[in-house]
Structures are given as structure tokens and as C-alpha cells.
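Taking it in order: structure first as C-alpha cells, then the write-up.
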Amino acid sequence: MTTAPLDAPTSGPPGLTPRAADRTADAVLPAGRWQAVAAAHAARADERTAGWRERKARGATHAIEDFLFTYYPTRPAQLRRWHPGPGVVLAPPPPGRPDDQHTAYAERAAWRWTASTPHGITLDTRAFLADRGETVDYVLDLLERTAGRPAQFGCFGLHEWAMVYRDREHGRDQRHPLPLRLGHAGTDEVVDSHPVRCTHFDAFRFFTPQATGLNRLQPTRATQPELEQPGCLHATMDLYKWALKLSPAVPGDLLLDCFDLARDVRVVDMQASPYDVSAYGLAPIAIETAEGKTAYVRAQREFTDRGAVLRSRLGAVCSALVARRTAL
């Protein structure tokens with residue numbers, strides 16, 4: 001056993017370096033060190049969920065921010081839980097520490113997929129892989145395939161427009177409780193005058209029936225690993241989904257980094273959508289204009305770069321789990 005270093009990551013609270021997830025030998029964190037990291041993580045999570053919790057308490061909604069808690073079903077308590085990732089043992093508080101520290105340690109020891117060792121508690125890799133091994137393999141394959149493809153920047157966010165295409169004339173209503181910036185006819189005209197090039201199944205499946213045939217591709221769940229590409233805003237947001245699905249194997253700082261990126265992408269996704277988001281103090285990205293297209297691609301490229309870093313870190317977690325499964 002070794003003592004794991006705690007370095008400051010590029011964002012978030014002081015925590016494990018991303019490289020810590022690559023280790024196959026267990027490392028031990030003293031109680032005082034990991035408890036400080038866990039507390040800082042909880043505070044960071046609370047800051048990010050404050051708006052959702054406040055709105056939920058008074059029955060209010062937010063058409064942009066609530067997406068991260070509804071489409072990606074997330075409980076604030078889940079985000080507050082810090083995990084070190086595989087291969088790290090959390091030492092118990094020594095005798096004489098306050099009772100609440102011992103109580104918190106005992107509660108953590110009872111969490112799902114937690115195993116006790118002579119040196120403390122750790123991720124029960126065997127049990128986790130027995131339950132989630134197929135997910136680990138799928139996510140690793142998807143991440144690697146996506147990372148290996150060139151990013152595409154020619155969709156201009158038309159997936160959101162295709163989700164309301166010709167809604168009114170077929171007796172339907174748009175998905176979000178926001179007015180359409182160009183009205184129904186203007187929205188339809190934008191779709192009619194642009195090629196639709198959506199590669200992401202979970203966006204495509206919400207297209208209106210009249211829009212599905214306009215898409216250059218016909219994505220399915222089965223073809224997702226063949227079509228996912230790193231320039232897609234929704235594929236980038238989904239890094240948060242995969243981090244959630246792999247919890248508690250994903251280090252806490254990585255989970256919240258994925259949340260932050262998904263939140264930023266969601267804002268741009270809605271700014272470039274057909275909806276009028278001015279009620280939230282946001283300016284539109286008018287993708288029907290040359291200037292809007294340029295602004296959208298600029299944001300897309302930035303998200304692609306940020307996503308590449310997090311995709312690599314998530315892949316490292318999956319690879320570490322696969323390596324530990326081989327060693328079992």
C-alpha cells in the first residue's frame with residue numbers, strides 16, 4: 001500500500017489527479033485528507049444545484065437549466081457524494097476524532113459497491129463490474145470510437161429546429177414552454193433551407209415525423225457507436241451521462257467537470273435553438289445567418305476541445321476498471 005498524492009486538478013476542489021484513476025495498485029488516503037476533499041466537493045456540488053433546489057421548493061421551472069436534472073435524472077445528493085475512483089483506499093478516522101467523523105465513515109462504508117480492507121474502505125471493483133461490467137465495456141468502446149473520429153461542424157444546431165418542424169400544421173405544440181423566435185412559419189423555413197446533418201440518436205429520436213426524412217443520416221441506438229463524433233454538442237453533454245452511469249467508479253472532480261461542461265453546452269444549445277431565450281437574459285445565436293453560423297461553430301470547437309480532455313479522463317477510468325477485472 002502507498003499513500004496517494006493529492007494535487008490540485010485544473011478545476012474544482014483540491015482532489016486526486018486524473019492520473020490516479022490509472023493506477024492498478026491500491027493507494028491509501030489518510031482520513032483528514034480525503035475528508036477535506038469530500039467536503040470541498042460537496043460544497044462545489046451544492047453551488048451547482050442551488051438553483052434547481054430553490055426552484056423545486058417553490059414549484060418553478062427553468063427551460064434551460066432543468067435539463068441537467070430531468071433529461072439526465074440527477075439527485076443533488078448523488079452529486080454531493082465524493083468518490084476517489086478505483087484503486088484508492090480511504091483510511092478510517094483515528095481514535096479520538098470527533099464522533100461525526102466516525103459516523104460519516106460508517107455511513108460511507110455502507111454505500112453500495114464499497115468494500116472494507118485492513119486499511120480502510122474502497123470501491124468493490126469485483127461487485128461493481130459484476131453489476132456494471134457491460135456498461136463499462138460499452139462506454140469505453142463508445143468513447144474510444146468517438147475520440148478517433150474527426151469532429152464535424154456543419155450541423156449548426158438544427159436538431160432543435162427539427163424537433164418542432166411543421167408542428168403547428170399537424171396539430172402539435174413545441175417541446176419547450178418558450179415562444180419561437182421566428183414563429184412557426186419562420187422556423188419551418190429555416191429547416192427547409194438548410195441541410196439537416198444530425199449524427200446523434202438521442203437528438204434524432206425527438207425529430208418530428210416530417211423532419212426525420214430530411215436528415216442525411218438515420219441514426220439508431222444500434223448504430224450510435226458508429227456515428228457518434230466529437231463535434232456533436234449532445235455527444236459532449238452525454239459525457240455527463242456516462243460519468244453518472246459509471247458512478248461511484250468516477251472520481252468526484254471528474255463528475256462535476258462533466259456537469260459543468262454539459263451545463264455550458266446546454267446554454268449554447270438553447271441559444272442556437274428556435275426558441276426565444278431572451279427571458280433568461282440570453283442573446284440568440286441566429287444560426288440562420290452567416291454570423292450566427294460562425295458563432296455556433298466557434299462554440300462547437302471550444303466544446304470539442306474541452307470534451308476531448310474529459311473523454312480521455314473517462315476512458316482512463318474505464319481502462320483502469322478493465323485492467324483490475326483482468327487482475328481479479
Side-chain angles (χ1 to χ4, degrees), residues 41-42 44-81 83 112 132 135 138-139 142 157-165 167 172-181 187 198-208 211 219 221 224 228 232-248 250 252 254-282 284-285 299 303 306-307 310 314:
H41 171 89
R44 183 184 174 198
D46 286 346
E47 180 184 1
R48 280 139 180 84
T49 64
W52 164 258
R53 289 182 284 113
E54 187 274 333
R55 287 190 301 274
K56 191 172 183 181
R58 58 185 174 89
T61 60
H62 193 295
I64 299 176
E65 295 179 4
D66 289 358
F67 183 82
L68 295 181
F69 299 92
T70 54
Y71 181 79
Y72 301 116
T74 307
R75 292 175 292 105
Q78 180 182 6
L79 289 181
R80 291 188 94 250
R81 285 188 173 189
H83 300 285
R112 188 180 183 188
R132 295 288 177 86
T135 299
Y138 177 84
V139 173
L142 181 66
L158 281 166
H159 54 277
E160 289 287 346
W161 300 69
M163 293 177 193
V164 296
Y165 179 66
D167 253 356
R172 297 185 300 265
D173 197 5
Q174 65 259 26
R175 297 178 61 240
H176 292 287
L178 293 172
L180 294 175
R181 180 169 56 85
T187 298
C198 182
T199 58
H200 188 67
F201 171 69
D202 281 316
F204 177 73
R205 67 190 177 98
F206 291 111
F207 281 22
T208 66
R221 181 67 71 200
Q224 186 171 2
E228 206 84 307
C232 171
L233 263 63
H234 278 255
T236 299
M237 279 195 285
D238 273 358
L239 294 172
Y240 174 54
K241 176 175 74 173
W242 303 129
L244 284 171
K245 285 185 176 292
L246 293 173
S247 184
V250 171
L254 176 53
L255 174 62
L256 291 185
D257 286 349
C258 289
F259 178 94
D260 287 349
L261 179 55
R263 177 194 56 197
D264 293 345
V265 172
R266 173 61 176 168
V267 172
V268 169
D269 196 38
M270 288 296 286
Q271 284 181 286
S273 77
Y275 302 106
D276 181 353
V277 294
S278 60
Y280 296 113
L282 296 172
I285 299 176
F303 292 144
R306 290 173 62 186
L310 299 186
L314 282 173

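Since this is a predicted model, take the numbers as computed values, not measurements.
In this view, Arg181 and Glu288 satisfy the salt bridge (charged side-chain N to carboxylate O under 4.0 Å, His left out) rule, not counting sequence neighbours. A search for salt bridge (charged side-chain N to carboxylate O under 4.0 Å, His left out) contacts involving Arg80 returns Asp46, not counting sequence neighbours. For Arg306, the side-chain contact (heavy atoms from CB on, under 4.5 Å) test picks out Leu261, Asp264, Glu302, Phe303, with sequence neighbours left out. By the salt bridge (charged side-chain N to carboxylate O under 4.0 Å, His left out) test, Asp202 pairs with Arg205, Arg221, Lys241, sequence neighbours left out. With sequence neighbours excluded, the residues forming a side-chain contact (heavy atoms from CB on, under 4.5 Å) with Ala243 are Val250, Leu255, Cys258, Leu314, listed by chain and number. Scanning for side-chain contact (heavy atoms from CB on, under 4.5 Å) contacts around Phe206 gives Tyr71, Met163, Arg175, with sequence neighbours left out. Contacts of His159 classified as ring-ring contact (aromatic ring centres under 6.0 Å, His included), with partners at least two apart in sequence or in another chain: His234. Taking the salt bridge (charged side-chain N to carboxylate O under 4.0 Å, His left out) definition, one finds that Arg58 meets it with Glu54, sequence neighbours left out. For Thr199, the side-chain contact (heavy atoms from CB on, under 4.5 Å) criterion is met by Gln152, Leu217, Gln229, Cys232, not counting sequence neighbours. Every residue meeting the ring-ring contact (aromatic ring centres under 6.0 Å, His included) condition with Tyr72, not counting sequence neighbours, appears here in chain and number order: Phe67, Tyr240. For Phe207, the ring-ring contact (aromatic ring centres under 6.0 Å, His included) partners at least two apart in sequence or on another chain are Phe204.
Annotation: side chain of Pro76 is in contact with side chain of Trp52 (closest heavy-atom distance under 4.5 Å).
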For this session: For Thr74 and Leu68, run side-chain contact (heavy atoms from CB on, under 4.5 Å): C-alpha distance rounded to whole Å, both residues' side-chain angles, the deciding distance at 0.1 Å, then the answer.
Result: CA-CA 7 Å; Thr74 307; Leu68 295 181; 6.0 Å; no
For this session: Under the side-chain contact (heavy atoms from CB on, under 4.5 Å) rule, what do Leu246 and Arg132 come out as? Steps first, then yes or no, please.
Result: CA-CA 8 Å; Leu246 293 173; Arg132 295 288 177 86; 5.9 Å; no
Exercise. Can Leu282 and Ile64 be said to form a side-chain contact (heavy atoms from CB on, under 4.5 Å), step by step?
Worked result: CA-CA 11 Å; Leu282 296 172; Ile64 299 176; 3.5 Å; yes
Exercise. Going through the checks in order, is the side-chain contact (heavy atoms from CB on, under 4.5 Å) test met by Thr49 and Arg75?
Worked result: CA-CA 9 Å; Thr49 64; Arg75 292 175 292 105; over 6 Å; no
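Taken to the nearest 0.5 Å, the CE atom of Met237 stands 4.5 Å off from the CG atom of Asp269. In this structure, NE2 on His41 lies 4.5 Å from CG on Leu256, to the nearest 0.5 angstrom. Atom OH in Tyr280 sits 13.0 Å away from atom CD in Gln271 (nearest 0.5 Å). A distance of 4.5 Å separates OG1 in Thr187 from CG in Leu180, rounded to the nearest 0.5 Å. Between Gln78 atom CD and Ser247 atom OG the span is 5.5 Å, to the nearest 0.5 Å.
When all heavy atoms are compared, the tightest approach of Ala63 to Arg266 is O-NH2, 3.0 Å.
The salt bridge (charged side-chain N to carboxylate O under 4.0 Å, His left out) contacts involving residues 60-70 comprise Arg55-Glu65, Arg55-Asp66, where partners must be two or more places apart or lie in separate chains.
Under 4.0 Å is where a charged nitrogen must lie from a carboxylate oxygen, and between Lys245 and Asp238 no such pair does.
Not a single donor-acceptor pair under 3.5 Å links the side chain of Thr208 to the backbone N or O of Asp167.
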